[in-house]
Asker: 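Please find one structure pasted underneath; my questions will follow.
Computed from a predicted structure; not experimentally measured. Chain A is the first sequence line, chain B the second, and so forth, proteins listed ahead of strands; every chain is numbered from 1. Quick note: numbers below take in every heavy atom, side chains included, and nothing from hydrogens, waters or symmetry partners.
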Protein chains: 2
Amino acid sequence: MVSAKASRVDDAYARLKADILHARIPPGHVATEPEIALRMGMSRTPIRETLIRLEAEGLVELIPRRGARILPISASAMREIYDILTSLEPDAAARVALARHSAETLQPLHDATSDMEAALERGDLDAWAEADERFHRQLMALTGNRRLQQIVAQLNDQAHRARIITVRLREPPVRSTVEHRAILDALLAGDGPLTRTLFREHRERAAQELLAILENLRLTQL
Amino acid sequence: MVSAKASRVDDAYARLKADILHARIPPGHVATEPEIALRMGMSRTPIRETLIRLEAEGLVELIPRRGARILPISASAMREIYDILTSLEPDAAARVALARHSAETLQPLHDATSDMEAALERGDLDAWAEADERFHRQLMALTGNRRLQQIVAQLNDQAHRARIITVRLREPPVRSTVEHRAILDALLAGDGPLTRTLFREHRERAAQELLAILENLRLTQL
DNA sequence: AAATAATTTAATGCATGCATTGACAAACGC
DNA sequence: GCGTTTGTCAATGCATGCATTAAATTATTT
């Protein structure tokens, strides 16, 4: 056996988190510990620990005598998240560019970009979104900064549901895909400033589009 | 009574965190749950929950069968932290500048700066450090971005011990204090780009100095 | 009927018990 | 003497019990 034996907390954490991210539990939903424990077939203890972790990650809110509330998707939350990502990612990308990684090292980014292009042609938005997130994740991994990776991953998790919803309510992300290709080229060229600029514009546009949709839907809070 | 009744978890959390930040527990120290529970006069349960939270905050590492390890201070960790802060804070400061807050709103920053100057003249490094952290905290508060505030606060907590140590091992922070004044002026002038540039240089220099000292001391890991 | 009070219900916060399992040490074989 | 093996010990992971207390419900009063 390769993987370490999963503890119940590990299990509950993985399942609950997946349920939240895939919106299988509706945003805003409130559930009590005994309720979740029953559903997951374990006692309250591991559920409690799981909820504490999820709260620290910003996916759940623990309301004193009521239970755990799955955080809703709000435009204001998305604005906060995108403001932070717009600061972090372009800088990080610029550092990666300046590190002048080999083409092999950048291969995963290349793959992700190709996958985005292919998915877009097929009209497979789920695959597109997956490749998009993969690109961003791989790029952060190349910085070697663990804390940065964790923070960005956490923010992306928080924004995940909003992206799922909006990706189907907008024009096909042609532009976004093209931008990825341009960023990749800048990275390969080792052009830090260009990478930063492109990435920043990429994030700013994405934020604009997402927020426009959320606000149009009057999804101040979904 | 104004404050909510403190639960044991709240209490243990506050105490443990303070002990860690003030280095009353030496970095690298390992303690078991029963050990901490005994010292804090409560059962393992609230201690457990506290440790989970502290782990999520990056102050403690939970080692499977060994206990909780107070994370050591390493130069590499500080580099990670400062890289992130150097991305986040200057951008955030620029946004604050563009928001053109009134002088009253910026008063806390003014106070913090004055306090730094006064503390420096008195040679009171503790007071100086406190005012410095206050300046940065207040500035982030002005962005109104809760997530940003939380992330920056968390990173500052992680870096706190390193700052305490190094502040006494370097020349008096005259330069740093002057820079704060300049940043404040740029904020008052509503000059976003200038604020960003100044802040970035400020953080980069601070990072350089801190890392130089840590590495000189061969504190790869304290 | 609306507002208030009394009562019931149930979720949390915490303590405790116990099985499991890894860490450590002593005993053993080479 | 040093690497293995076995055995003991204790920390964790989890379940469970219970007091407390907020929320919900019902009863009561105006």
Side-chain angles (χ1 to χ4, degrees), chain A residues 1-20 24-72 221, chain B residues 1-20 24-72 221:
Chain A
M1 201 169 313
V2 184
S3 60
K5 71 294 146 211
S7 68
R8 306 204 192 226
V9 179
D10 292 339
D11 184 42
Y13 174 81
R15 283 214 272 158
L16 249 184
K17 182 165 176 175
D19 284 350
I20 294 170
R24 286 192 289 267
I25 307 178
H29 182 78
V30 177
T32 66
E33 287 173 13
E35 206 174 314
I36 303 173
L38 186 68
R39 182 153 55 81
M40 310 274 283
M42 55 184 81
S43 84
R44 279 173 48 219
T45 306
I47 298 299
R48 211 137 202 287
E49 299 184 4
T50 295
L51 290 176
I52 291 172
R53 279 179 231 265
L54 291 175
E55 184 188 37
E57 276 184 53
L59 291 178
V60 142
E61 178 189 10
L62 259 30
I63 309 173
R65 285 266 151 190
R66 313 279 322 251
R69 174 153 160 274
I70 309 303
L71 282 184
Q221 184 182 307
Chain B
M1 206 166 309
V2 182
S3 61
K5 71 294 144 214
S7 68
R8 304 202 195 227
V9 180
D10 292 339
D11 184 41
Y13 174 81
R15 281 214 274 159
L16 249 184
K17 183 164 175 175
D19 284 349
I20 294 170
R24 286 192 288 267
I25 308 178
H29 181 77
V30 177
T32 66
E33 287 174 12
E35 206 173 316
I36 302 172
L38 186 68
R39 183 152 54 80
M40 310 272 284
M42 56 185 81
S43 85
R44 278 173 48 219
T45 307
I47 298 299
R48 209 138 203 286
E49 299 184 4
T50 295
L51 290 176
I52 292 172
R53 278 178 231 264
L54 291 175
E55 183 188 37
E57 276 184 54
L59 292 177
V60 142
E61 181 188 8
L62 258 31
I63 308 172
R65 285 266 152 190
R66 312 279 322 254
R69 175 154 159 275
I70 309 303
L71 282 183
Q221 186 183 306

Asker: Mapping A:G41 and B:I63 to their closest nucleotides on DNA chain D, which lands nearer the 5' end?
Answerer: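 Comparing both residues, the 5'-ward one is B:I63.
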Asker: Starting the side chain at C-beta, find the nucleotide from D:dC14, C:dC14, D:dG13 nearest to A:V9.
Answerer: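 That would be D:dC14.
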Asker: Calculate the interatomic distance between B:M40 atom CE and C:dA15 atom P; express it in whole Å.
Answerer: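 So the CE-P distance, B:M40 to C:dA15, works out to 12 Å.
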Asker: With respect to B:V60, which candidate in B:L71, B:I20, B:I25 satisfies the side-chain contact (heavy atoms from CB on, under 4.5 Å) definition?
Answerer: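 One option only clears the test, and that one is B:I20.
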Asker: Just distance, no hydrogens or angles: give the donor-acceptor pairs under 3.5 Å from side chains in residues 46-56 of chain B, sequence neighbours left out.
Answerer:
unit_1 : atom_1 : unit_2 : atom_2 : d
B:R48  : NE     : B:E33  : OE1    : 3.2
B:R48  : NE     : B:E33  : OE2    : 3.0
B:R48  : NH1    : A:E49  : OE1    : 3.1
B:R48  : NH1    : A:E49  : OE2    : 2.3
B:E49  : OE1    : A:R48  : NH1    : 3.1
B:E49  : OE2    : A:R48  : NH1    : 2.3
B:T50  : OG1    : B:P46  : O      : 2.9
B:R53  : NH1    : A:E55  : OE1    : 3.4
B:E55  : OE1    : A:R53  : NH1    : 3.4

Asker: Nearest whole angstrom, please: distance from the C1' of C:dT12 to the CG of A:L62.
Answerer: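 Roughly 10 Å, once rounded to whole Å.
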Asker: Taking CD from B:E55 and C1' from D:dT12, how many angstroms apart are they, rounded to a whole number?
Answerer: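 These atoms are roughly 14 Å apart.
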Asker: Specify the separation, in whole Å, of atom CD of A:E49 and atom C1' of C:dT12.
Answerer: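 Distance check: A:E49 CD to C:dT12 C1' gives 15 Å.
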Asker: For A:H29 and A:D19, what are the C-alpha separation, side-chain angles and deciding distance, and is it a side chain to side chain contact (heavy atoms under 4.5 Å, CB included)?
Answerer: CA-CA 12 Å; A:H29 182 78; A:D19 284 350; over 6 Å; no
Asker: Using whole Å, what does the distance between atom C1' of nucleotide D:dT16 and atom CD1 of A:I47 come to?
Answerer: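 To the nearest whole Å, that distance equals 15 Å.
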Asker: Would you mind reading off the distance between A:D10 atom CG and D:dC14 atom P, rounded to a whole angstrom?
Answerer: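 To the nearest whole Å, that distance equals 8 Å.
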Asker: So, is A:T45 close to the D:dC14 phosphate, meaning a side-chain N or O under 4.0 Å from OP1 or OP2?
Answerer: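 Checking A:T45 against D:dC14: no side-chain N or O falls below 4.0 Å of OP1 or OP2.
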Asker: If I take atom CZ from residue A:R66 and atom OG1 from residue A:T32, how far apart are they, to the nearest 0.5 angstrom?
Answerer: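 A:R66 atom CZ to A:T32 atom OG1 measures 10.5 Å (nearest 0.5 Å).
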Asker: Produce a footprint string for nucleotides 5-11 of chain D: one letter per nucleotide, 5' end first; B if the base is under 4.0 Å from any protein heavy atom, S if only the sugar-phosphate is, - if neither.
Answerer: ------B
Asker: Do side-chain atoms of A:D10 reach the backbone of A:S7 as a donor and acceptor pair under 3.5 angstrom?
Answerer: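 Side chain of A:D10 to backbone of A:S7, a donor-acceptor pair under 3.5 Å: yes, one is there.
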Asker: Can you sort out the partners of B:T45 under side chain to side chain donor-acceptor pair (under 3.5 Å), two or more places apart, ordered by chain and number?
Answerer: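 Not a single residue meets the side chain to side chain donor-acceptor pair (under 3.5 Å) criterion with B:T45.
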Asker: I need the minimum non-hydrogen distance between A:R8 and A:G41, along with the two atoms involved.
Answerer: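 That closest heavy-atom pairing would be NH1-O, 4.4 Å.
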Asker: Between D:dT12 atom C1' and A:R8 atom CZ, what is the distance in whole Å?
Answerer: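 Between C1' of D:dT12 and CZ of A:R8: 14 Å.
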Asker: Could you give the CD1-to-P distance, from B:I52 to C:dG13, as a whole number of Å?
Answerer: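 Whole-Å distance recorded here is 13 Å.
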